[in-house]
Amino acid sequence: MLNQSGLRENLIVVSNRLPFIFQRGADGCWHTQRGSGGLVSALLPVLRNRGGSWIGWPGTAETGADLEAAVAAAGTDAGFTLKAVTLDAEAVDNFYHGLSNEIVWPLFHDLQSLCNFEPSYWRTYKEVNRKFAETVFAAGGARDFIWVHDYHLMNVAAELRVLGCRSKLGFFLHIPFPPPDIFFNLPWRLALLRALLQYDLIGFQTLRDRRNFIQCLRLLIHETAVQGKGQVVTVTAGERTVRVGNFPIGIDYGAFSRQADTGEVARRAQELRRLLPKRKLILGVDRLDYTKGIPHRLQAFRNALERYPELRERISLIQVVVPSRADIPQYRELKTRIEQLVGQINGDFARPGGWVPVWYVYGSLSRNDLLAYYRAADIALITPLKDGMNLVAKEYCACSIEQECVLILSEFAGAAAQLQHGALLVNPYDVEGVADAIYRAFTMNDDERRARMRRLRRSIREYDIFWWVDCFLRAVIARDLSAFPVLENHAVEAMADYVPI
């Protein structure tokens, strides 16, 4: 599919971080490791095959010729050009920890009470976006397609236009876009919308996110008009006409499915089963973040044990929490809260020398260990308060080789739109509702489990990360948006919006 998109221009990918991790070792030299994640897996071969470059921050405030050499060498090995945007510690603090993660992250996840609207953050954000734009402008040509990713870099197109850039510019937002009543809390709301309109194609995860964006345009830029009804529409706002679409990001289904089926992963999954015998296993895997709803999930699990005594000693929750931003007080407090809840549940329900209700794992897992957890779990409990997509849900399904597992998914995850017909959807704030879903999953018969999981796996397999890349690139060049994309009947269902009832 990747070579069928029809895009002739070189591709320049721009993201906050480069696709490689650069760390200075004890020997004083820079050591390079490929980054993880679906975006890296999908775009590396695209750049290698068609030519192009990837521009981003190398992840360190250090500078110097040796770092430049390490970045260049990593690009040579990968088969395309890497360009580093260097940032000093103050810029990282105000741009990344400040506006990106103290304002945009909570605001776009409907948690405006956690925002810190510090004016200096916005000034630094614009300065850093200008620095990214200068690097892109110096590296690109008029026929390049520039694809910018995520909330850290929403201002890059505006800065590129000031520099005189006339290349095609695309932007994809990996997190949700909020409705007007929440977005309007942002002091720089109009400036940000006008900056986004400098892109030629703006992509969102879901139809709901796209609709929220257009509603904000209509309320703040009154001369806004929308043409088309398909996956990609044309929006005219003021003097700008742009394409706006929803493109649910996927995973590398084949890679996850194949590796989950290896002997090594199967052996580790069996070891977990031996450690926790004669019970069904529920799995939660989350980065430490207040948007993931981990305390609510633990409370729901406790409620299930209280209201359904027959679950006791027949079910266990494995909650994996991957460390994140441990130096921020809010995250330290969240970690403490989670550990207190785990301790309270185990203190009230555990049996001496036997059953432990919650197995708490704080730390990063190797890929094989993660896949073993996926394979061993009978039920996945993925209940974020808000999520752009949530790829853990898709990874779990891809690794469910026997197809006898159940996915319980928050209706506020972007993945709910695509997976609503196979998953058990829940409101993460509804503790009793989530508890009921746990009981339903526990008692579900094998035929229903298999039917639901087959439907989930089919959708995730067909709409994988490579489909997502190809779909976005096709949207850039499509002449007739009414025919874009050509979808099978079941694809319309997969793209449908989910509206909680």
Side-chain angles (χ1 to χ4, degrees), residues 9-101 121 123-141 144-160 162-163 165 167 169-172 174 325:
E9 296 89 344
N10 282 336
L11 178 62
I12 297 179
V13 176
V14 190
S15 62
N16 177 52
R17 293 289 294 266
L18 286 171
F20 294 89
I21 299 168
F22 297 91
Q23 292 181 323
R24 192 181 290 280
D27 58 0
C29 298
W30 288 101
H31 296 268
T32 305
Q33 178 183 351
R34 184 178 134 170
S36 59
L39 185 67
V40 174
S41 299
L43 291 180
L44 288 187
V46 178
L47 288 170
R48 187 182 298 118
N49 293 339
R50 71 161 63 245
S53 57
W54 195 312
I55 294 171
W57 179 51
T60 175
E62 290 190 53
T63 59
D66 57 343
L67 176 59
E68 292 178 9
V71 171
T76 300
D77 292 342
F80 55 88
T81 303
L82 286 181
K83 295 281 187 181
V85 179
T86 57
L87 303 174
D88 60 32
E90 183 179 0
V92 171
D93 193 49
N94 285 346
F95 156 73
Y96 180 74
H97 298 296
L99 191 127
S100 296
N101 289 312
Y121 291 168
R123 289 193 292 271
T124 304
Y125 184 84
K126 290 192 295 182
E127 291 167 2
V128 170
N129 274 241
R130 186 178 307 120
K131 192 168 186 180
F132 269 83
E134 289 168 352
T135 304
V136 172
F137 189 67
D144 292 329
F145 174 63
I146 299 167
W147 191 0
V148 181
H149 288 269
D150 224 2
Y151 61 103
H152 315 85
L153 303 175
M154 292 184 284
N155 237 46
V156 165
E159 298 294 346
L160 279 169
V162 170
L163 292 171
C165 177
S167 300
L169 305 178
F171 175 79
F172 186 79
H174 291 258
R325 305 170 189 165

Enquirer: Could you tell me whether the side chain of N129 and the main chain of Y125 form a donor-acceptor pair under 3.5 Å?
Expert: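 Indeed, once roles are kept as given, a pair shorter than 3.5 Å links the two residues.
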
Enquirer: Mind checking the CG-CZ spacing from D77 to R34? Nearest 0.5 Å is all I need.
Expert: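 D77 atom CG to R34 atom CZ measures 13.0 Å (nearest 0.5 Å).
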
Enquirer: According to the interplanar angle, ranging from 0 to 90°, do the rings of H149 and W147 count as parallel (below 30°), tilted (30 to 60°) or perpendicular (above 60°)?
Expert: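 Geometry flag for W147 against H149: tilted rings.
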
Enquirer: Can V128 and W57 be said to form a side-chain contact (heavy atoms from CB on, under 4.5 Å), step by step?
Expert: CA-CA 10 Å; V128 170; W57 179 51; over 6 Å; no

Enquirer: Between CZ of R24 and CG of D66, what distance do you get to the nearest 0.5 Å?
Expert: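 Here the rounded value is 4.5 Å.
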
Enquirer: Atom CG of L11 and atom CG of L43: how far apart are they, to the nearest 0.5 Å?
Expert: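 Here the rounded value is 7.0 Å.
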
Enquirer: So, using salt bridge (charged side-chain N to carboxylate O under 4.0 Å, His left out) as the criterion, who are the partners of R17 when residues are at least two apart?
Expert: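 R17: no salt bridge (charged side-chain N to carboxylate O under 4.0 Å, His left out) contacts found.
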
Enquirer: Out of curiosity, T63 OG1 to E68 CD, how far, rounded to the nearest 0.5 Å?
Expert: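 The CD atom of E68 is 8.0 Å from OG1 of T63, to the nearest 0.5 Å.
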
Enquirer: Using distance alone, with no hydrogens and no angle criterion, decide if N101 and Y151 have a side-chain donor and acceptor under 3.5 Å apart.
Expert: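 N101 vs Y151: donor-acceptor pair found between side chains.
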
Enquirer: Looking at every heavy atom in both A133 and L160, which two are closest together, and how far apart are they?
Expert: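 Nearest pair, atom of A133 first, then L160: O-CD2, 3.3 Å.
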
Enquirer: L87 and A91: which non-hydrogen atoms are nearest, and at how many Å?
Expert: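 Closest approach of L87 to A91, heavy atoms only: CB-CB, 4.3 Å.
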
Enquirer: Evaluate the side-chain proximity of W54 to L44: yes if any heavy-atom separation is below 4.5 Å, no if none is.
Expert: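 Heavy-atom side-chain distance check passes, below 4.5 Å.
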
Enquirer: Test side-chain contact (heavy atoms from CB on, under 4.5 Å) on N16 and D150 and set out the steps.
Expert: CA-CA 8 Å; N16 177 52; D150 224 2; over 6 Å; no

Enquirer: What distance separates K131 NZ from T86 OG1, expressed to the nearest 0.5 Å?
Expert: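 Nearest 0.5 Å value for the NZ-OG1 distance: 3.5 Å.
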
Enquirer: Might you point out which heavy atoms bring G75 and L82 nearest each other, and give the distance in Å?
Expert: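 The pair with the smallest heavy-atom distance is N-CD1, 3.6 Å.
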
Enquirer: Is E134 atom CD crowded by more than 12 heavy atoms from other residues, nucleotides or ligands, each under 6.0 Å away?
Expert: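 Yes.
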
Enquirer: Measuring from I146:CD1 to S53:OG, what's the distance to the nearest 0.5 Å?
Expert: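 If I round to the nearest 0.5 Å, the distance is 8.5 Å.
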
Enquirer: In the structure I gave you, are the side-chain heavy atoms of I55 and I12 within less than 4.5 Å of one another anywhere?
Expert: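 Yes, close enough: below the 4.5 Å cut-off.
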
Enquirer: Quick one: sort the F95 and F132 rings into parallel, tilted or perpendicular, breaks at 30° and 60°.
Expert: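 It falls in the tilted class, 30° to 60°.
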
Enquirer: Give me the atom names and distance for the closest heavy-atom approach of K126 to E159.
Expert: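 Between these two residues, the closest heavy atoms are O-OE2, 3.9 Å.
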
Enquirer: Identify the two heavy atoms, one from F22 and one from A70, that lie closest to each other, and give their separation to 0.1 Å.
Expert: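 Result for this residue pair: CE2-O, 3.6 Å.
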
Enquirer: To check you understand the geometry: which heavy-atom pair defines the closest contact between L18 and P58, and what is its length?
Expert: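 In this case the closest contact between L18 and P58 is CD1-CA, 4.0 Å.
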
